[in-house]
Amino acid sequence: MTLEDVVCIVGPTGTGKTAAALGLAERFGGGVINYDSRQVYRGVPLVTAQPTSEEQTQCPHWLYGFMEPVQAIDAGLFSHLAESAIGEAVQRGLLPLLVGGTGLYLDALLYGLAAIPDVPSMIRQSIQARYDTMGGEALHAELQTIDPQYAAKIHPNDRQRITRALEVFETTGRVLSSWHAEQNPQPRFNHLKIGLHMDLDELTPRLALRIDMMLKGGAVAEMKAAYQKTPMPNAPGWTGIGCMELIEYIRDRMTLEQAKSLWLRRTRAYAKRQLTWFKRDPEIHWFDPADVAAMGDLVAKYFKR
RNA sequence: GCUGGGGUAGCUCAGUCGGUAGAGCAGGGGACUGAAAAUCCCCGUGUCGGGAGUUCAAUUCUCUCCCCCAGCA
């Protein structure tokens, strides 16, 4: 069985991935599939920088704004959904263009995940509770005895990874590093990664400008309406940068100025983490974000289209 | 003008019973295998407002000057 061709557009937030994707879609007859963990949520298209409805009419789009804010998404669910979206696009004769910023989701999709079953919420909750009462040191020490290999890789303060490792062990009776070891790293698609490169100094003013544009475009009203429908500050859909700050403002816990400056700082820090993540990926071909023609030439050459 | 509180890292501040100083945030670097726009790790020399005095030694005590804040005039 031959692998499907897919183009992945990567890079930090705010570099113009949407524009590049639309350019490539036009040239090759493509369909855009989202791999951004926050743009899947309904009700906040502006704040999460989803493609506008105008942009979405230019070619078919998948996986934008379809989840309810109370629903949680994770790499496994995403990978599953994206796989079928790719299938649909191919069936329609379109070149799938994966666009987004969640590196983990892209890896999960391209290389697959270990077949770890879902963790029952009872188990998750009890481990969370133990972390709260006993602390990271104690649970890390516990992990050290059951899975020294994985424990060595993570820090006692890393609550998320420690509790994940323990809950997987409790659920499956197997240790996380053994699950990971059985994975085969074969790609599941014939993929080409195109990176839009921009360093932080250049990106920062663009991010600030984008926040201003979002606010001018009605971001507060959008968030207010969405929050009224789902008035839970901790809903999974509200964990995106921008949402959290605007909710604080809406709930009168912050001035708009405070919300704005926090929003920018966190966006910038996020962009930096993305840069770090993508920087180490040798598969990525880096481009000037504006040079869509050069990206297209590489796509043409690589896939002989 | 008077009284009180301040002037310490880019910002907000802690501290030194006298032996030249440290947190949070910001910033820089990094990790990342089912919460990932998450979670986490590493990196801190700065005329301790200026000047003078006491002292072996002052950012720390004293005096003085400058600046900020609050209150009183």
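Residue numbering restarts at 1 for every chain, and letters A, B, ... go by the order of the sequence lines.
- When only modelled atom types and interatomic distance are considered, A/T163 and A/R159 share no side-chain donor-acceptor pair under 3.5 Å.
- For A/N157, a side-chain nitrogen or oxygen approaches OP1 or OP2 of B/C41 to under 4.0 Å.
- Considering only the side chain of A/T276, B/G30 comes nearest among B/G29, B/G30, B/A37.
- Dashed line: the shortest gap from a side-chain N or O of A/R273 to OP1 or OP2 of B/G29 is not under 4.0 Å.
- Nearest nucleotide to the side chain of A/S37, out of B/A38, B/G27, B/A36: B/A36.
- Here A/Y111 does not reach the OP1 or OP2 of B/U33: none of its side-chain N or O atoms lies under 4.0 Å away.
- Comparing B/G10 with B/U64, their C1' atoms are spaced 31 Å from each other, to the whole Å.
- Taking side-chain N and O atoms only, A/R268 has a distance below 4.0 Å to OP1 or OP2 of B/G27.
- In this structure, of B/A38, B/A36, B/C25, it is B/A38 that holds the atom nearest to the side chain of A/I241.
- In this entry the distance linking CD of A/Q128 with C1' of B/A35 reads 9 Å, nearest Å.
- A/S79 comes within contact range of no nucleotide atom at all, as no heavy-atom separation falls under 4.0 Å.
- Taking every heavy atom of both residues into account, A/I250 and A/Y227 meet most closely at CG2-CD2, 4.5 Å.
- Within 4.0 Å (heavy atoms only), A/T163 reaches at least one base atom of the nucleic acid.
- Taken residue by residue, residues 112-124 of chain A places heavy atoms nearer than 4.0 Å to RNA chain B at A/L113, A/A114, A/A115, A/I116, A/D118, A/R124.
- Residue-level contact check: A/L77 touches neither bases nor backbone, having no heavy atom under 4.0 Å from any strand.
- The 12-atom threshold is exceeded at CD of A/E182, counting heavy atoms of other residues, nucleotides or ligands nearer than 6.0 Å.
- Closest approach to the A/L200 side chain among B/G28, B/C41, B/U33 is made by B/G28 (side chain taken as heavy atoms from C-beta onward).
- For the 3.5 Å distance criterion, the side chains of A/Y249 and A/E245 fail to qualify, holding no donor opposite an acceptor.
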Sequence neighbours excluded and cut-off under 3.5 Å, please list the side-chain donor-acceptor pairs for residues 141-149 of chain A, or say none.
unit_1	atom_1	unit_2	atom_2	d
A/E142	OE1	A/R130	NH2	2.5
A/E142	OE2	A/R130	NH2	2.7
A/T145	OG1	A/E142	O	2.8
A/D147	OD1	A/Y150	N	3.2
A/D147	OD1	A/S177	OG	2.6
A/D147	OD2	A/L176	N	3.4
A/D147	OD2	A/S177	N	3.1
A/D147	OD2	A/S177	OG	3.2

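- Here the side chain of A/D158 is nearest to one of B/U39, B/G30, B/A35, namely B/U39.
- Note: A/F78 and A/Y105 meet the aromatic proximity criterion, with ring centroids under 6.0 Å apart.
- Among B/C40, B/A38, B/G34, the nucleotide with an atom closest to any side-chain atom of A/R164 is B/G34.
- Of the N and O atoms on the side chains of A/T102 and A/R38, not one donor lies less than 3.5 Å from an acceptor on the other residue.
- Put simply, A/K153 has no side-chain N or O that comes within less than 4.0 Å of OP1 or OP2 on B/C40.
- Note on A/Q183: a base of the nucleic acid sits closer than 4.0 angstrom, heavy atoms only.
- With hydrogens and angles left out, the side chain of A/R161 and the base of B/A36 share a donor-acceptor pair within 3.5 Å.
- At the heavy-atom level, A/Y35 lies nowhere under 4.0 Å from the strands shown.
- Set against B/U33, B/A35, B/U39, the side chain of A/L104 has B/U33 as its closest nucleotide.
- Residue A/A75 is the one, among A/G101 and A/A75, whose nearest nucleotide of RNA chain B lies closer to the 5' end (criterion: closest heavy atom).
- In this structure, A/H197 and A/W286 approach most closely via the heavy-atom pair CB-CE3, 3.7 Å.
- For the pair A/E83 CD and B/G34 P, the computed distance is 17 Å after rounding to whole Å.
- The CH2-C1' distance, from A/W277 to B/A38, rounds to 11 Å in whole Å.
- Rounding to whole angstrom units, CZ of residue A/F278 and C1' of B/A31 are separated by 15 Å.
- Near-neighbour residues of RNA chain B inside residues 201-225 of chain A, defined by a heavy atom below 4.0 Å, are absent.
- Listed pair A/Y41 / B/A37 fails the phosphate criterion, with no side-chain N or O lying under 4.0 Å from OP1 or OP2.
- Consecutive Watson-Crick or G-U pairing (both distances under 3.5 Å) extending over three or more pairs maps onto RNA chain B as B:1-7 with B:66-72, B:10-13 with B:22-25, B:27-31 with B:39-43, B:49-53 with B:61-65.
- Scored by the salt bridge (Lys or Arg N to Asp or Glu O under 4.0 Å) test, A/E170 finds no partners at all (sequence neighbours excluded).
- Residue A/D74 places its side chain closer to B/G34 than to any other of B/G34, B/G28, B/A38.
- With A/Y41 as the partner, the side-chain contact (heavy atoms from CB on, under 4.5 Å) test is satisfied by one option alone out of A/T239, A/D36, A/V47, A/I73: A/I73.
- Residue-nucleotide stacking is present for A/H180 and B/U33, judged by a side-chain ring centre under 5.5 Å from the six-membered base ring centre and planes under 30° apart.
- Among the heavy atoms of the strands, none lies under 4.0 Å from A/F78.
- When only modelled atom types and interatomic distance are considered, A/T48 and A/Q50 share a side-chain donor-acceptor pair under 3.5 Å.
- Taking the side chain of A/Y270 as heavy atoms from C-beta on, and the options B/A37, B/G27, B/A38, the nearest nucleotide is B/A37.
- For A/H191 and A/Y111, the ring centers sit closer than 6.0 Å to each other.
- For the salt bridge (Lys or Arg N to Asp or Glu O under 4.0 Å) test, no residue two or more places apart in sequence or in another chain qualifies with A/R206.
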